[in-house]
Amino acid sequence: MTEEEMRKRLEILRVEHRDLDAAIDALMTAGGGDQLQIARLKKRKLRLKDQIAHIEDYLIPDIIA
């Protein structure tokens with residue numbers, strides 16, 4: 001995967017992460033949200049966060065000064 005492809009994938013993951021956050025908020029605000037569904041969405045959101053962090057670590061390596 002090229003660096004440009006990784007940057008595009010990173011943006012897609014970030015958008016999906018924001019969308020999941022909005023969906024979770026909407027379900028919780030509605031009050032009658034299915035707790036199992038909310039838990040699954042939160043789990044998916046955490047997996048996305050891990051994928052985002054992994055790609056960011058690759059694209060922006062730690063530099064010890």
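- If you chain together hydrophobic residues whose side chains sit under 4.5 Å apart, Leu59 and Ile52 fall into the same group.
- Taking NZ of Lys8 as the start and CG of Leu10 as the end, the distance is 13.0 Å to the nearest 0.5 Å.
- Interatomic distance, CZ of Arg40 versus CD1 of Ile24, reported as 13.5 Å (0.5 Å rounding).
- Within 6.0 Å of the CD atom in Glu5, the count of heavy atoms belonging to other residues, nucleotides or ligands exceeds 12.
- Distance check: Asp25 CG to Ile38 CD1 gives 10.0 Å after rounding to the nearest 0.5 Å.
- A salt bridge links Arg18 with Glu11: the distance from a Lys NZ or Arg NE/NH1/NH2 to an Asp or Glu carboxylate oxygen falls below 4.0 Å.
- Linking ILVMFWY side-chain heavy atoms closer than 4.5 Å, directly or via other members, places Leu36 and Leu46 in two distinct hydrophobic clusters.
- In this structure, CZ on Arg7 lies 10.0 Å from OG1 on Thr2, to the nearest 0.5 angstrom.
- One hydrophobic cluster holds both Tyr58 and Ile55 under the rule that ILVMFWY side chains link at heavy-atom gaps under 4.5 Å.
- Summarising the geometry, atom CZ belonging to Arg9 is positioned 5.5 Å from atom CD belonging to Gln51; distances are rounded to the nearest 0.5 Å.
- Between Arg14 and Glu56, at least one side-chain N (NZ, or NE/NH1/NH2) sits under 4.0 Å from a carboxylate O, which counts as a salt bridge.
- Put simply, Ile60 and Ile12 are part of two different groups of oily side chains (I, L, V, M, F, W, Y) that touch within less than 4.5 Å, one to the next.
- Atom CG of Asp21 is separated from atom NZ of Lys42 by 10.0 Å, given to the nearest 0.5 angstrom.
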